[in-house]
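A short write-up of the structure that comes next.
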Amino acid sequence: MIASPSRPAPLRQFQADAMPVEVHAANEAMGRAAAAAVADAILALARTQESVRLILGSANSQLSFVHALTREHDLPWNRIEVFHMDEYIGVAADHPASFRLWMKQRLADVVHPAQFHYLAGDAADPKAEAARYARLLREQPIDITCLGFGENGHLAFNDPPFADFDDPETVKIIQLDEASRRQQVGEGHFPSLAAVPTHALTLTIPILLSARRLFGIVPERRKAAAVRAALEGPVTPACPASILRRQAKARLFLDVDAAALLGGAAAPAASAQAPAAPVRGKQAALDAIVRQGFVPIFVNDSLDSRHLVEAAVQAGCGAIEYTCRRPDARRMIPWIKREFPQLVVMAATLMDGPNVEAYLQKNREGFLTTDEAVDLGADALVSFMRFRPATYAKYGRRCVMIPGVATQNEALDQMDLGADLIKSAVHIQSGIDFVTKTSVATHHCIPFFIAGGVNPTNLAGFIQAGVAVGAAGFDVLLGGAKPAASEVTGLARAAIARMLETVREARARHQPALAEAIARGDSNLLAHGRWFNRGPAPDAS
């Protein structure tokens, strides 16, 4: 049996008309708090009735909540019946953007509820499918609805032009608002606006609100305008989420980013000790990398990188490395920064040479230059080779700089130019021997970032040798396995979590000053190791 996670305390609580609202320090804390509250409601209902009927939203903003809910202790999933809110018309159940697939992989295949009712967007007759699903919903009262807000304030796919608080339908076909369709492109579900379906099946607002208990779960800065409109503007179909304010049975969970634009009693407290998201400034990015101690690398493999990003976030990562050799790097780097703004994205395998970059742009489809990586939102620049003085001058105040070296002299030269960490690929070099010899020669002042041959069996040894950060790709983390899509997130999360625990244990033994500084929440973490550092980096954002 999995132990129930602790319930995080909110930073602030207030009322929005009839609805209580909680603001939490971060997305993960908000998700755990919401999951704990929903679990309490489910258990209370299960004590007095045979089954519990649940409607859940399926979107990336719900990831922390859904993950935490599947980890809740003693939930009687064999007595829980689950519905979801919407589905694109014409999209197959195995399409990467399908909400059926989202729910199947993240909830149904994890906890195996008594029944999971899927809304078939690819049904031959969408009207008949809407009627079928409506009959299922009306068979018994709905007990709990858990939902998010769209960037335009929608609930499910009840977009502002078409939302109806008194809709006579239970499930209907709806034309998607352009803002809603653009959100799907921005979240990485579709490559372009033209690829996004124009119509969808959606549960209507009255059936969503018919539940005995309502829980809103809304994280992320991109939702802040919708949250402000819902809580401080008029109650109107122009912002469908505003109707929740009239529901005393509703409870809204926000993170500090979603609450960022609220005024009055709901305004973020100046003294709140909440992590800033998105990551602000080079020092915050460098500290996130050093604090983590192990960074998963998104190598050029065939795995769905969205599942791997979710795994990294769920495992507790604050930084990931994304190789620019992946053909999806141009699309995925901005997607990651949009969906998970708290993540430090390290753009890797860069080539810092104008002539070579120009050649590769012409002859390698999808090749990213250093300039393009920064423009896409990269917080750190990583290379197997050196960075030029001009590149340090251009980006050294803005980005964490991690050049690759092959000799001790190169390491010293790059540190003098402005490197923050020094990369060494241990499958190219002689591993710990190279690190040890260089450390001795440089009085143990080089903060090494080791990749290429790091694995669960040698990571602790590298930390003992004085390495600051280790990194490995998912090909190593998963042992070369090619798991089914439904298994990727769970397996990758467990593998990352093991590496992070290895770092914590090794640092406690071999880098105690750094471990203590991390425990205290200190910044400028390199100063607490034996490594050269320039002091707190200026905020050049």
Side-chain angles (χ1 to χ4, degrees), residues 53-62 66 81-93 95 97-104 107 116-139 142 144-185 187 189-190 193 196-211 214-218 223 226 230 236-244 247 250:
R53 307 185 92 212
L54 189 64
I55 298 175
L56 294 177
S58 47
N60 288 338
S61 65
Q62 304 299 295
V66 170
E81 188 177 355
V82 185
F83 297 84
H84 63 117
M85 295 182 180
D86 39 29
E87 184 59 287
Y88 301 106
I89 289 179
V91 166
H95 189 285
S98 165
F99 294 127
R100 283 171 286 176
L101 182 64
W102 196 100
M103 279 294 187
K104 183 176 186 299
L107 188 125
F116 199 113
H117 300 290
Y118 292 106
L119 186 56
D122 54 350
D125 186 344
K127 288 185 178 180
E129 175 61 10
R132 179 193 72 84
Y133 210 68
R135 287 193 297 272
L136 290 172
L137 286 161
R138 291 195 300 263
E139 282 180 355
I142 299 300
I144 297 172
T145 296
C146 303
L147 73 175
F149 297 0
E151 293 176 27
N152 61 359
H154 72 207
L155 299 177
F157 268 144
N158 294 282
D159 287 323
F162 312 104
D164 185 349
F165 293 159
D166 300 307
D167 203 312
E169 301 293 332
T170 300
V171 183
K172 68 180 182 180
I173 297 171
I174 197 164
Q175 181 177 344
L176 294 174
D177 174 49
E178 182 172 325
S180 184
R181 294 175 67 224
R182 289 190 182 280
Q183 178 178 330
Q184 307 310 310
V185 177
E187 292 179 358
H189 301 308
F190 295 94
L193 185 65
V196 183
T198 57
H199 291 75
L201 291 165
T202 186
L203 276 61
T204 60
I205 290 176
I207 189 64
L208 296 174
L209 301 188
S210 72
L214 302 171
F215 295 90
I217 300 102
V218 188
K223 303 295 182 72
T236 169
C239 179
S242 63
I243 192 63
L244 292 178
Q247 306 292 319

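Just so it is clear, the model here is predicted, and its values are computed rather than measured. Computed from heavy atoms alone, side chains included, the values below leave out hydrogens, waters and symmetry copies.
Separating the CG atom in Leu155 from the CG atom in Leu209 is a distance of 7.0 Å, to the nearest 0.5 Å. Remark: Leu147 CG to His154 NE2 distance equals 9.5 Å, nearest 0.5 Å. The OG1 atom of Thr204 sits 10.5 Å away from the CG atom of Asp166 when rounded to the nearest 0.5 Å. The CG atom of Leu208 sits 12.0 Å away from the CD1 atom of Ile243 when rounded to the nearest 0.5 Å. One distance of note links CD1 of Ile217 with SG of Cys146; it measures 5.0 Å at 0.5 Å rounding. Within the model, atoms OG of Ser58 and NZ of Lys104 stand 14.5 Å from one another, a figure rounded to the nearest 0.5 Å.
Between the side chain of Thr202 and the main chain of Ala156, no donor-acceptor pair closer than 3.5 Å is present. A donor-acceptor pair under 3.5 Å links the side-chain atoms of Lys223 to the main chain of Phe149, judged by distance alone. Listed for the Arg53 side chain is no donor-acceptor partner under 3.5 Å among the backbone atoms of Glu81. Under a 3.5 Å cut-off, the side chain of Thr145 and the backbone N or O of Ile55 do not form any donor-acceptor pair. Using a distance-only test at 3.5 Å, with no hydrogens or angles considered, a donor-acceptor pair links the side chain of Ser98 to the main chain of Leu101. Between the side chain of Arg135 and the backbone N or O of Ala130, no donor-acceptor pair lies under 3.5 Å. In this structure, the side chain of Gln247 does not engage the main chain of Leu214 through any donor-acceptor pair within 3.5 Å. Under a 3.5 Å cut-off, the side chain of His84 and the backbone N or O of Leu119 do form a donor-acceptor pair. With hydrogens and angles ignored, the 3.5 Å screen pairs a side-chain donor or acceptor of Asn158 with a backbone N or O of Leu203. Side-chain N or O atoms of Gln175 include none that pairs as donor or acceptor with a backbone N or O of His199 at under 3.5 Å.
Taking the six-membered ring where tryptophan is involved, the planes of Tyr118 and Phe116 are essentially parallel, since the angle between them stays under 30° and well short of 60°.
Looking at heavy atoms from C-beta onward, Leu176 lies in side-chain contact with Tyr88 at the 4.5 angstrom threshold. Using a 4.5 Å cut-off on side-chain heavy atoms (C-beta onward), Met85 and Leu56 make no contact. Inter-residue side-chain proximity for Gln62 and Trp102 is flagged as met; some heavy-atom pair is nearer than 4.5 Å. Contact check for Lys172 versus Leu201: no side-chain heavy atoms found under the 4.5 Å cut-off.
When all heavy atoms of Pro237 and Pro240 are compared, the pair lying nearest together is O-CD, 3.3 Å. The two residues Pro197 and Ile89 have their closest heavy-atom pair at CB-O, 4.0 Å. Residues Ala226 and Gly150 approach most closely at CB-O, 3.4 Å, considering heavy atoms. In terms of heavy-atom proximity, Pro168 sits nearest to Asp164 at CD-OD2, 4.3 Å.
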Checklist entry - Stepwise, does the side chain to side chain donor-acceptor pair (under 3.5 Å) test hold for Thr170 with Arg138? => result CA-CA 8 Å; Thr170 300; Arg138 291 195 300 263; 3.0 Å; yes
Checklist entry - When you look at Phe83 and Tyr133, which way does the ring pair (Phe, Tyr, Trp, His ring centres under 6.0 Å) test go after all the steps? => result CA-CA 9 Å; Phe83 297 84; Tyr133 210 68; 5.7 Å; yes
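Ion pairing of Asp122 with Arg100 is present here, as a side-chain N (NZ or NE/NH1/NH2) and a carboxylate O approach within less than 4.0 Å.
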